[in-house]
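Remember, it's 1-based here, ligands and their atoms both numbered in the order they're listed. It should be emphasised that the depicted structure is a prediction, and the values quoted were computed from it without experimental measurement.
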Amino acid sequence: MSYAACIMPGPRQALTIREYPEPAVEPGAALLHTMYSEVCGTDVHLHHGRLDVPFPIIPGHVSVGTVAAARGTLRDADGEVIREGDVVTFLDVHETCNACYHCLVAQQPTRCPSRRVYGITYSATDGLLGGWAQAIWMKPGVKMVRLPNDLEPETFIGGGCGLVTALHAVDIAAIRLGESVAVLGVGPVGQSIIALAALSGAGEVIGVGAPEDRLEFARRMGATRTLGLDLTSAERLADIRAATRGRGVDVVIEASGSPDAVSQALDMVRDGGRVVICGHYTDNGAVEIHPHWQINRKHVEIHGCWGSQYHHFHRAVQLATRFGGRVPWREMVSGRYDLEHAADALAAVESRQAIKAIIVP
Ligand SMILES: [Zn+2]
Ligand SMILES: [Zn+2]
């Protein structure tokens, strides 16, 4: 049996299809038959050549598949055996070394230099190591998470990478019951941040972004108020101040990728509040910050948020299972594409025509 995969040969180059022979599954490894793989904003950045990766690659870092082969006894984090036929997702990050300064001393494995990521930092010449393919090779040690029977795979992939990233950002923000939260950006990450902030017991949850249909979706995800980019940044700030007795919100989470949003976040947050920056996965340029007024005098906490760890994936599956009936993650998927039409999926995400597109190989 052979498997088709979509190849991104290099920056701005047309996607192609390559056939792979049935891979040899070594002891400790597994093979998934792909059900869904996500098209993420990162894939657009990859195609624009804005990340340093070993082209050609098979894109697709967050995926869901059925275990078609498992060699040896593979167990999940709960100690349960992963069996053929199970529907799983997996932590796309692999090969963090647990031996370097970042892993052991700083305990920041997302900064481990040995870290490899499915669909991003593995080359297509290394095998089926990306999700835009009919099968994905789970190398030994890849952490799989079984999707419970009562979690529809469509719900999990609807949240997908954005849900996992959002969970990390919301953890860092440490939202307390009743706190006000502004979320800058209403793409897949911002939408899930809004939902998780609401589930965390935030009071006012203000979604800021465009276009209007995304703001409408943000209200369905749990935003109590939305502000569009048709307003000037001064008007949005005035609105937020008016809603918080002039103080500003307790927490701002930036998920837009716009440099200006970082400065706006510092203006919107109250004195002594927290700002989390998670939208700048690629270099979108510089922005002017006034350290006295925006940081020092405000006594503000600023956190960066990069990548995810196993526990974010594990908990994202549990959250999607428990709250997928209430939070419309499933409906965030606005386009489904087969491998031959992956370029259309990229274009739909790039043009913001689709909040979320998925590949159904
Ligand atoms: Zn390491
Ligand atoms: Zn992603």
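When rounded to 10 degrees, the angle formed at the Zn ion (ligand 1) by SG (C103) and SG (C112) equals 100°. For the pair SG of C97 and SG of C100, the angle whose vertex sits at the Zn ion (ligand 1) is 100° to 10 degrees.
Checking T224 against E204 by side-chain atom types alone, a donor-acceptor pair falls below 3.5 Å. Residues E254 and S256 have side chains that bring a donor and an acceptor to within less than 3.5 angstrom of each other.
With respect to E95 and R115, no salt bridge is recorded, no charged nitrogen being found less than 4.0 Å from a carboxylate O. With respect to R220 and E331, a salt bridge is recorded, a charged nitrogen being found less than 4.0 Å from a carboxylate O.
Not one N, O or S atom of H102 sits under 2.8 Å from the Zn ion (ligand 1).
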